[in-house]
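Contents: one structure, followed by commentary.
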Amino acid sequence: MKPASFDYVVPRTIAEAVEALGDTGRKTQVLAGGQSLILEMHLQRIRPQLVVDINRIAELDAMSVEGDELRVGALIRHATFESADAVPGPLGTLLSRAVVNIAHPPIRSRGTMAGSFAWAHPASEWCAIGTALDATVEVTGPDGARAIGAGDYFLGPYRTARRPQELITAVRLPLLGENTGVGFIEHRRTHFCFAQVAVAAALTVNDGVISDARIGLVNSADRPVRARAAERSLIGAGIGPRPAGLRLPDDHPFARAGRAAAQEDAAPLAEPYADVEYKRQAIAVLVGRTLLEAAADQRARLAAREGDHR
């Protein structure tokens, strides 16, 4: 099957792109990486009358640190984050651990973080990380620019608070302090499948006690989930030494957080090869293991700093 016929424009500025998107008489889609859009057009599940290709808008192809935030322009490709050194501090580590789970290298070389936010697939790694970290989505439309917090942005599968006439120009993520350790673990049937479940975690630890926790769940509801009940259960808990093996004692803080995430935060939907109870069990286990990874990362950062001061 081939795409239905459509008109195609290539704006050179954000203003020109917004003008094209403002044509309310036609169904319009934005093309950045196109790694989801082109397939859906090929299968004619999406039939836009106008495609707005933003790849020639130079100002969207920029990433910068601004104050305590990372600003990721709408044309920054997934592959940018494969090196942990691309972004300073623990945030760079978190993004590099997550990005290798996104499809495979050719797709990562074209797809974009902003495109993932625009598409809003429940199994998106970036969307869950953005939700956990309270990311901000910058959009520009006929009425000007506005910023939407991730908690308000995702409305359901493929549904967001972005209006059809608005263009995502950037995603902002908060940088993470050096007392923060990060982890990301994904479970899927095969290497090329979407995640059945994945977990992103960031733990801030002071004197061995957790002072802040951020947990994002992938494909655990009809939209990305911030596991707030699990986070609350961790505040004030000590990370302690790393347990032997991967199986946590039932009374371990990370095991309790896993159960809270699975039973209170998640609202998983059944899918082939993974019914609801299977996914709840997977969420509980992966949350615990991801928190172990984050705690180990925090210990390693602390040890490196102490070594630097000897």
Exercise: identify the closest heavy-atom pair between Ala195 and Ala123: O-CB, 4.0 Å
Glu178 backbone acceptor or donor facing Arg305 side chain under 3.5 Å: yes
ILVMFWY network linking Ile239 to Ile185, side-chain heavy atoms under 4.5 angstrom: yes
Arg26, CZ: over 12 other non-hydrogen atoms inside 6.0 angstrom: yes
Side-chain touch Met41/Gln29, heavy atoms, less than 4.5 angstrom: no
Any donor-acceptor pair under 3.5 Å from Asp222 side chain to Pro157 backbone: no
Gly33 backbone acceptor or donor facing Gln35 side chain under 3.5 Å: yes
4.5 Å side-chain heavy-atom contact, Val218 and His121: no
Salt bridge (Lys or Arg N to Asp or Glu O under 4.0 Å) between Arg214 and Asp212, worked out: CA-CA 7 Å; Arg214 301 296 181 100; Asp212 186 56; 3.5 Å; yes
Working for side-chain contact (heavy atoms from CB on, under 4.5 Å), residues Arg162 and Ile168: CA-CA 8 Å; Arg162 179 182 65 88; Ile168 296 178; 3.5 Å; yes
Linked hydrophobic residues, Ile107 as query - side chain contacts closer than 4.5 Å: none
Salt bridge (Lys or Arg N to Asp or Glu O under 4.0 Å) evaluation trace for Glu186 with Arg188: CA-CA 7 Å; Glu186 181 160 314; Arg188 47 187 161 170; 3.5 Å; yes
Single-linkage hydrophobic cluster, 4.5 Å side-chain cutoff, Met113 and Val182 together: yes
Expected output: side-chain Asp7 to main-chain Leu50 donor-acceptor under 3.5 Å: no
Backbone N/O of Arg77 and side chain of Thr80: donor-acceptor pair under 3.5 Å: yes
Non-neighbouring partners of Thr160 that pass side-chain hydrogen bond (donor to acceptor under 3.5 Å, both in side chains), sequence neighbours left out: none
Heavy-atom pair of closest approach, residues Ala296 and Arg242: CB-NH1, 3.8 Å
Short side-chain to backbone donor-acceptor contact, Thr131 and Cys127, under 3.5 Å: yes
Carboxylate-amine/guanidinium proximity below 4.0 Å for Glu231 and Arg226: yes
For Gln298 against Thr180, the heavy-atom pair lying closest together: CG-C, 4.2 Å
side-chain contact (heavy atoms from CB on, under 4.5 Å), paired with Val225, selected from Val199, Ile215, Asp265: Asp265
Electrostatic pair Glu271-Lys279, nearest N-O below 4.0 angstrom: yes
Gln44 side chain vs Lys2 backbone, donor-acceptor pair below 3.5 Å: yes
Donor-acceptor pair, side chain of Arg108 and main chain of His78, under 3.5 angstrom: no
Check: Ser64 main-chain N/O paired with Arg71 side-chain donor or acceptor under 3.5 Å: no
Path from Ile57 to Val51 over hydrophobic side-chain contacts below 4.5 Å: no
Contact check, side chains of Phe154 and Phe117, non-hydrogen atoms, under 4.5 Å: yes
Pairwise side-chain contact, Val205 with Asn179, heavy-atom cut-off 4.5 Å (strictly under): no
Phe184 backbone acceptor or donor facing Glu293 side chain under 3.5 Å: yes
Residue pair Thr204 / Ile210, side-chain heavy-atom distance below 4.5 Å: no
Contact check, side chains of Leu292 and Phe254, non-hydrogen atoms, under 4.5 Å: yes
Neighbour count >12 (heavy atoms, 6.0 Å) for atom CZ, Arg146: yes
Parallel, tilted or perpendicular: rings of Trp119 and Tyr158 (30°, 60°): perpendicular
Donor on one side chain, acceptor on other, Gln165 and Asp143, under 3.5 Å: no
Residues Glu66, Arg172; criterion salt bridge (Lys or Arg N to Asp or Glu O under 4.0 Å); working and verdict: CA-CA 9 Å; Glu66 300 180 2; Arg172 288 182 177 269; 2.7 Å; yes
Shortest non-hydrogen contact between Ile129 and Ala200, atoms and distance: CG1-CB, 3.7 Å
For the student: nearest non-hydrogen atoms of Arg301 and Gly89, plus distance: NH1-C, 4.2 Å
Ring-face cation contact, Tyr273 with Arg189, 6.0 Å cut, 45° max: yes
Leu21 side chain reached by Val30 side chain, heavy atoms, under 4.5 Å: yes
Single-linkage hydrophobic cluster, 4.5 Å side-chain cutoff, Val137 and Leu60 together: no
Asn206 CG: over 12 foreign heavy atoms closer than 6.0 Å: yes
Atom pairs and distances, donor-acceptor, side-chain atoms in residues 12-20, under 3.5 Å, two or more places apart:
residue	atom	partner	partner atom	Å
Arg12	NH1	Val10	O	3.1
Thr13	OG1	Glu16	N	3.0
Glu16	OE1	Arg12	N	2.8

Co-membership, hydrophobic cluster, residues Leu133 and Val99, 4.5 Å side-chain: yes
Over all atoms of both residues, closest heavy-atom pair of Ser96 and Ala84: OG-CB, 3.6 Å
Side chain proximity check, Phe6 to Gln49, heavy atoms < 4.5 angstrom: no
